[in-house]
Novice: 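Please find one structure pasted underneath; my questions will follow.
Chain A is the first sequence line, chain B the second, and so forth, proteins listed ahead of strands; every chain is numbered from 1.
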Amino acid sequence: MIPAAFDYYRPNDVKGVIALLNEHGDDARVMAGGHSLIPMMKLRMAEVPHLIDLQDVVALKGIAIGGGRITLGALVTQHELIDHDGLAQTAPILRETARQIADPQVRYMGTVGGNVANGDPGNDMPGLMQCLNADFTLVGPDGERTVAARDFYEAAYMTAREDDEILVGVSFDAPKGGQAYEKQKRKIGDYATAAAAVVLTKENGTCTSASIAMTNLSDIPVFSQDASDALIGTSVEDNAIRAAVAAMLKDIDPVEDNRGPVAFKQHAASIILTRAIKSAWDRA
Amino acid sequence: MKDEVQTREDRVAGLKGLGCSRKRVEDARFTQGKGNYVDDIKLPGMLHGDFVRSPYAHARVVSINAEAALALDGVVAVITAKDLEPLGLHWMPTLAGDKQMVLADGKVLFQGQEVAFVVAKDRYVAADAVELVEVEYEELPVLTDPFEALKSDVVLREDLLGDGDTLPDGAHGPRNHPNHIFTWEVGDKDATEQVLSEADVVAEEMVYYHRTHPCPLETCGSVASMDKVNGKLTLYGTFQAPHAIRTVVSLISGIEEHNIRVISPDIGGGFGNKVGAYAGYVCSVVASIVTGVPVKWVEDRMENLMTTAFARDYWMKGKISATKDGKITGLWCHTTADHGGFDACADPTKFPAGFMNICTGSYDIPTAFLSVDGVYTNKAPGGVAYRCSFRVTEAAYFIERMIEVLAIELNMDAAELRRINFIRKDQFPYQSALGWEYDSGDYHTAWDKALESVGYEALRAEQAQRVEDFKAGKTRKLLGIGLTHFTEIVGAGPVKNCDILGLGMFDSCEIRIHPTGSAIARLGTISQGQGHATTFAQILASEIGLPADSITIEEGDTDTAPYGLGTYGSRSTPVAGAATAMAGRKIRAKAQMIAAYLLEVHDNDVEFDVDRFVVKGAPERFKTMKEIAFAAYNQAIPGIEPGLEAVSYYDPPNMTYPFGAYICVMEIDVDTGEHEIRQFYALDDCGTRINPMIIEGQVHGGLTEALAIAMGQEIAYDELGNVKTGTLMDFFLPTAWETPNYTTDHTETPSPHHPIGAKGVGESPNVGGVPAFSNAVHDAFRAFGLRQSHMPHDHWRIWKTANDLGLHG
């Protein structure tokens with residue numbers, strides 16, 4: 001658990017970060033909270049000759065809520081998501097999700113930007129951001145661009161971000177209606193065996209919109225349009241939930257690991273999604 | 001003057017002796033980060049070692065090229081088996097009578113095996129250099145299943161083959177296959193088979209206790225410092241048995257024992273993981289001898305989990321017979337024991353399967369037979385007693401599962417089945433069918449107290465209702481009531497039948513009373529968190545009448561402490577605790593003579609009273625122990641040597657047999673496989689209770705380990721012998737979040753042969769806890785036809801159990 005030697009940089013603006021990325025190319029990586037990257041470096045599974053620490057880039061910090069839109073700087077920590085009263089009012093699913101990530105010590109360091117940008121299928125924020133239909137803002141040598149969370153993930157650890165870009169923030173419309181994040185895990189600190197993010201709206205007892213995304217059940221987060229559609233126009237009775245679950249099962253592709261075989265994961269995903277839908281519906 | 005207003009009760013309380021919940025004196029430094037662990041030791045000029053380890057579970061080592069590593073700035077040496085061979089150190093003896101490669105000698109037998117030792121000026125350079133050592137391997141077929149290994153043509157240990165096709169005996173007798181290590185048989189085979197064949201009812205089951213790991217907070221490590229001027233080797237390390245390590249180091253290195261000083265500083269937990277000798281210890285010593293400067297080796301967490309001693313991995317095939325009304329008539333067990341690539345079990349020499357023959361448990365079973373076959377596989381060596389006496393957890397799990405299976409077979413309540421088969425109080429000392437003499441016990445009293453405390457009848461009624469509700473579709477949660485009554489066998493042990501490498505398993509205590517009435521006592525044991533500095537001072541306080549707060553307890557330095565076999569198997573209190581009491585009594589005997597002289601009466605006319613000797617019939621005439629201590633150093637007393645010191649080496653006449661009744665009430669979600677412990681009740685009888693608070697802490701800690709083992713913790717391998725659970729992400733260590741509340745309780749049945757009646761408690765909760773948790777899982781599914789499933793009961797395995805029983809519709 002001893003990393004190879006690396007050069008350490010601590011620029012204080014995005015421009016400085018981009019310049020370093022330009023200079024060192026593949027050999028450089030940016031680090032936000034470090035709770036994914038540092039263990040990988042210690043295991044020598046990630047070789048990072050040039051490590052760019054983002055902690056001094058003040059522009060990447062902060063939570064902004066206004067005009068029905070929420071913007072999170074890449075360096076916003078999980079702890080800040082939990083601690084923020086405004087978010088608790090406008091998007092309670094963020095707190096519910098963040099509380100199920102790792103443990104308090106990790107949450108003081110772990111960031112939204114790192115969690116969504118790393119592309120680890122075990123991370124909870126990517127699925128949540130797909131559920132919220134968030135946009136990711138990337139900055140590179142050619143300036144800024146936006147990629148939808150639902151288009152960002154290509155494969156495990158492979159994303160739409162170019163090597164010379166950094167993810168500076170995420171933004172999304174404040175979710176309306178009932179929201180729930182359900183996660184089954186083996187223990188505190190573990191990645192999900194199965195997790196589901198659900199946001200839906202209810203009008204006169206009928207579901208008028210729904211968004212469903214699943215975590216750690218494929219090599220990327222899975223937004224399930226079909227599962228979402230299965231709820232719309234229904235009163236979210238058992239049959240509708242079963243239809244949503246069946247649609248979700250077609251979209252996920254779990255693999256066997258220490259958390260269990262594929263059949264178990266499919267079953268767990270079904271149960272967790274059912275619970276999340278019921279919970280969101282109750283809250284809607 | 002003060003004494004005149006102190007009552008006798010005040011004086012007793014002032015000693016903080018036996019029975020006092022004295023606060024742990026160790027905690028001040030531990031809670032302030034001031035402990036001094038092995039990795040805290042930094043000596044001038046110290047170099048750092050790190051291992052090149054095998055990525056393969058079974059392979060020939062074709063070549064090792066260290067050129068690039070040696071060219072790296074700061075690398076001092078790269079040591080391989082070829083370098084150790086001239087010193088005879090490329091292999092080392094194991095505690096089990098086998099031998100083990102220190103560094104790969106032509107082949108590797110498990111993933112993570114040590115192949116080369118890199119020595120560098122700092123830890124970072126050493127890690128870089130490890131990457132640069134080029135090793136060429138030729139992969140060989142891998143055996144991870146002990147049953148397959150016994151049938152396979154693949155020979156793991158060519159070094160143990162004889163000429164031609166012969167198979168020389170091993171350390172424990174004949175071997176019947178190249179991958180077979182030993183067969184150990186206890187009890188009456190023919191009589192047991194006869195009983196089974198004639199029984200009303202026979203229950204048969206395979207009980208697997210999976211491979212796991214003790215995982216102490218601090219990993220294993222050592223710092224060796226060879227002083228070439230005076231020829232003295234100082235070896236700091238994570239040793240649970242520092243004196244035995246000194247002897248072993250002397251025997252294999254040829255350095256005379258007086259020139260070796262072994263020091264166990266604070267070691268962050270042991271749980272059996274730090275009993276054995278590891279390649280890192282040997283390599284740090286060799287590297288220090290070669291370089292002439294100190295060399296440190298400390299493994300990381302992955303190395304600890306993957307390569308240092310594992311625990312359990314016993315496949316226990318059982319048959320238990322009974323009359324139709326539930327009286328047990330016989331027990332048969334055959335165990336296939338997976339020992340990994342080398343037999344490095346830490347058991348007393350004459351017990352290759354430890355005390356597995358305690359597997360008749362708390363029950364009066366007239367006829368029994370046990371056989372154990374040890375097997376080599378491509379897994380890490382070990383087989384240590386993970387917070388238990390040697391293989392006692394396996395034995396307790398086996399019998400407590402077999403009782404449950406028998407209850408199913410008899411369609412009987414498992415609590416009642418236990419009750420009608422317990423050894424009765426009037427049967428002690430009880431001679432078991434497999435050769436042990438249980439010293440004392442009162443199982444029925446403990447059992448009834450436990451059942452009453454949890455409201456057993458009401459729980460069963462609730463459970464029956466829950467089953468109805470489940471079948472009616474009203475709930476998806478089942479309720480399990482996990483029962484266990486365990487009997488431990490600890491305190492190894494009598495020298496007549498217990499030794500390790502020929503060293504008798506006595507233990508020792510040496511006491512010096514200082515002139516002002518304080519004292520230091522040194523012991524042959526070594527605390528790893530047990531709180532010896534607190535509790536041994538309490539034993540002494542009650543024996544010699546000086547306050548525990550005035551007594552320093554010191555362990556772990558072989559230059560100062562008397563020889564002892566160390567701390568594991570709950571042996572510290574039964575053996576070293578007894579030595580402490582006996583040495584204290586020698587102090588008291590001399591103090592009595594001094595008191596009589598000072599009081600100008602005959603020796604027999606004074607008697608000990610809490611903290612003083614008083615003249616019989618004249619309690620106003622007395623000398624306190626403090627006064628006596630001073631007199632021992634300033635008075636010329638005719639016929640008595642100056643000073644007040646004593647030493648005792650205690651060879652226990654028997655083991656001690658702590659026991660307990662544990663009940664776990666568990667809710668199980670049949671869909672997700674998640675569980676919730678609603679209630680856990682633990683009644684322990686460890687004989688005389690020295691410090692109730694420390695006992696409670698021990699029970700909480702041991703139960704939490706048991707929870708981990710039963711519900712998720714394992715060392716798992718894939719078919720290629722790759723470790724699948726090599727980090728704490730996958731190897732389950734419970735946090736406060738996963739840990740339930742525990743209710744502790746006790747009865748007190750003193751050991752009749754121990755000087756203070758104490759039996760040892762540190763390991764009971766692990767021994768009893770695992771079957772309690774596991775039985776709760778099984779019990780939840782009993783109504784649906786479950787007989788046996790294998791631990792660990794993690795989410796997917798519980799889900800599979802439910803799925804196999806058709807509970808998912």
Novice: Look at A/Ala263, A/Ala268, A/Ala4 and state which one has the largest set of heavy-atom pairs under 4.5 Å with chain B.
Specialist: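 That would be A/Ala263.
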Novice: Minimum heavy-atom separation for B/Asp730 to A/Arg186, with atom names?
Specialist: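 For B/Asp730 and A/Arg186, the tightest heavy-atom pair comes out as OD1-NH2, 3.0 Å.
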Novice: For B/Glu131, is it the side chain, the backbone, both, or neither that has a heavy atom closer than 4.5 Å to a heavy atom of chain A?
Specialist: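 Side chain only.
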Novice: Find out whether B/Glu674 and A/Thr193 are in side-chain contact, i.e. whether some heavy atom of one side chain is under 4.5 Å from a heavy atom of the other.
Specialist: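 Result no, sub-4.5 Å side-chain heavy-atom pair not found.
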Novice: Show which side-chain atoms of residues 802-809 of chain B pair as donor or acceptor with protein atoms under 3.5 Å away, not counting sequence neighbours.
Specialist:
{"residue": "B/Asn803", "atom": "OD1", "partner": "B/His808", "partner atom": "ND1", "Å": "2.9"}
{"residue": "B/Asp804", "atom": "OD2", "partner": "B/Lys800", "partner atom": "NZ", "Å": "2.9"}
{"residue": "B/His808", "atom": "NE2", "partner": "B/Val670", "partner atom": "O", "Å": "2.6"}

Novice: So with a 6.0 Å cut-off around NZ of A/Lys187, is the heavy-atom count from everything else above 12?
Specialist: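 Check passes, neighbour count above 12.
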Novice: Heavy-atom distance under 4.5 Å between the side chains of B/Met302 and A/Leu43, does that happen here?
Specialist: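 Touching, per the 4.5 Å side-chain cut-off.
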Novice: To the nearest 0.5 Å, how far apart are CZ in B/Phe732 and CG in A/Asn258?
Specialist: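 Separation between the atoms: 14.0 Å.
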Novice: Give, for atom NE2 of B/His795 and atom CZ of A/Phe264, the distance between the pair rounded to the nearest 0.5 Å.
Specialist: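 CZ of A/Phe264 is found 7.0 Å from NE2 of B/His795.
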Novice: Before accepting this row, confirm whether a basic side-chain N of the pair B/Asp128/A/Arg44 lies closer than 4.0 Å to the acidic partner's carboxylate O.
Specialist: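 Here B/Asp128 pairs with A/Arg44 in a salt bridge, since their nearest N and O are under 4.0 Å apart.
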Novice: Against chain A, work out which of B/Asp300, B/Thr725, B/Leu728, B/Thr727 has the most heavy-atom pairs shorter than 4.5 Å and name it.
Specialist: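 Highest number of heavy-atom pairs under 4.5 Å: B/Asp300.
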Novice: Is it the case that more than 12 heavy atoms not belonging to A/Glu47 sit under 6.0 Å from its CD atom?
Specialist: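 At most 12 heavy atoms, drawn from other residues, nucleotides or ligands, come within 6.0 Å of this atom.
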Novice: Hey, are A/Asp257 and B/Lys724 close enough for a salt bridge, meaning a charged N less than 4.0 Å from a carboxylate O?
Specialist: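 No, A/Asp257 and B/Lys724 are not salt-bridged.
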Novice: A/Ile188 versus chain B, heavy atoms under 4.5 Å apart: side chain, backbone, both or neither?
Specialist: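 Backbone plus side chain of A/Ile188, per the 4.5 Å heavy-atom cut-off to chain B.
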Novice: Nearest 0.5 Å, what's the CD-OG1 distance between A/Glu182 and B/Thr672?
Specialist: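 Taking CD in A/Glu182 and OG1 in B/Thr672, the distance rounds to 10.5 Å.
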Novice: Please name the pair of heavy atoms, one in A/Pro3 and one in B/Tyr124, separated by the smallest distance, quoted to 0.1 Å.
Specialist: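 Closest heavy-atom pair between A/Pro3 and B/Tyr124: O-CD2, 4.2 Å.
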Novice: Name the option with the most non-hydrogen atom pairs under 4.5 Å to chain B; the candidates are A/Lys265, A/Gln184, A/Met1.
Specialist: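 Between A/Lys265, A/Gln184, A/Met1, the count favours A/Gln184.
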Novice: Using a cut-off of 6.0 Å, state whether more than 12 heavy atoms not belonging to B/Arg301 lie near its atom CZ.
Specialist: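 Counting other residues, nucleotides and ligands, CZ of B/Arg301 exceeds 12 neighbours.
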Novice: Mind checking the CG-CD1 spacing from B/Asp671 to A/Ile272? Nearest 0.5 Å is all I need.
Specialist: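 One gets 10.0 Å once the value is rounded to the nearest 0.5 Å.
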Novice: Identify which part of A/Lys42 has an atom lying under 4.5 Å from any heavy atom of chain B, answering side chain, backbone, both or neither.
Specialist: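 Neither; nothing under 4.5 Å.
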Novice: For B/Thr735, is it the side chain, the backbone, both or neither that has a heavy atom under 4.5 Å from a heavy atom of chain A?
Specialist: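 Looking at B/Thr735, just its side chain touches chain A.
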